[in-house]
Amino acid sequence: MAKAHKPGGKRTVSQWLTAAAKTALLFALLAAYALVGGALADNIGWPEAYGFSCYRKLCVPSYIWHSNLLISTGQRAELLLFAWIWMPIVAIIILPIAAHRSYLRRVKALKAK
């Protein structure tokens, strides 16, 4: 395991490569998320086929607001797009809770020693 970076200290090549790999992985995941969502939306005609459209730069709030239209028929592609739209919101809620629970377990284990 690589040592943590100390403020004011120099990073090693291994630490730079680890940071670069994590950054590249993040961008690859974001690109894959966007491509899958775009393909699902194009497949079913979202959002125009559902009676609304979005021409702003940021359409996510509008998509979330109208996402209930996707679960009305229960088709597979619609349900996948519904899950795709709500995935980041669920992650924003669940990841901090999971991190906090993990922290509490570590603290409890250290106190038990």
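Computed from a predicted structure; not experimentally measured.
A donor-acceptor contact shorter than 3.5 Å links the side chain of His66 to the backbone of Ser62. The backbone N or O of Ala98 sits nowhere less than 3.5 Å from a side-chain atom of Ser102 that would complete a donor-acceptor pair.
Note: the hydrophobic cluster containing Ile92 does not contain Leu58 (ILVMFWY, side chain heavy atoms under 4.5 Å, direct or indirect links). Both Val107 and Leu104 are members of a single hydrophobic cluster when ILVMFWY side chains are connected at heavy-atom separations under 4.5 Å. With hydrophobic clusters built from ILVMFWY side chains whose heavy atoms lie under 4.5 angstrom apart, Ile93 shares a cluster with Ile64. There is no path of hydrophobic side-chain contacts, each under 4.5 Å, that joins Met87 to Leu29. Neither Leu26 nor Ile94 shares a network with the other; the hydrophobic side chains, linked directly or stepwise wherever heavy atoms of I, L, V, M, F, W or Y lie under 4.5 Å apart, form separate groups for each.
Smallest separation of non-hydrogen atoms from Leu69 and Tyr50: CD1-O, 3.5 Å. The shortest heavy-atom contact between Ile85 and Ile89 is O-CD1, 4.3 Å. The two residues Ser67 and Trp86 have their closest heavy-atom pair at OG-NE1, 2.8 Å. For the pair Pro47 and Ser53, the tightest heavy-atom approach, listed with the atom from each and the gap, is CG-CA, 4.2 Å.
In Arg56, the CZ atom is crowded: over 12 heavy atoms of neighbouring residues, nucleotides or ligands sit closer than 6.0 Å.
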Test side chain to side chain contact (heavy atoms under 4.5 Å, CB included) applied to Lys111 and Lys108, step by step: CA-CA 5 Å; Lys111 287 182 179 179; Lys108 186 178 178 181; 5.8 Å; no

Stepwise side chain to side chain contact (heavy atoms under 4.5 Å, CB included) test for Thr12 and Gln15: CA-CA 5 Å; Thr12 65; Gln15 289 171 328; 3.4 Å; yes

Stepwise ring pair (Phe, Tyr, Trp, His ring centres under 6.0 Å) check, Tyr63 with Trp46: CA-CA 9 Å; Tyr63 289 170; Trp46 175 263; 5.8 Å; yes

Stepwise side chain to side chain contact (heavy atoms under 4.5 Å, CB included) test for Leu81 and Ile44: CA-CA 9 Å; Leu81 185 59; Ile44 63 172; 3.5 Å; yes

Evaluation steps, side chain to side chain contact (heavy atoms under 4.5 Å, CB included), between Leu80 and Trp84: CA-CA 6 Å; Leu80 286 172; Trp84 176 84; over 6 Å; no

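Atom CD in Gln75 sits 9.5 Å away from atom CG in Asn43 (nearest 0.5 Å). In this structure, CD1 in Ile71 is found 10.0 Å from CD in Glu78, a value given to the nearest 0.5 Å. Distance check, rounded to the nearest 0.5 Å: NE2 of His100 to CG of Leu95 gives 14.5 Å.
Residue pairs meeting the disulfide bond (SG atoms under 2.5 Å apart) criterion with at least one partner in residues 20-110, sequence neighbours excluded, are Cys54-Cys59.
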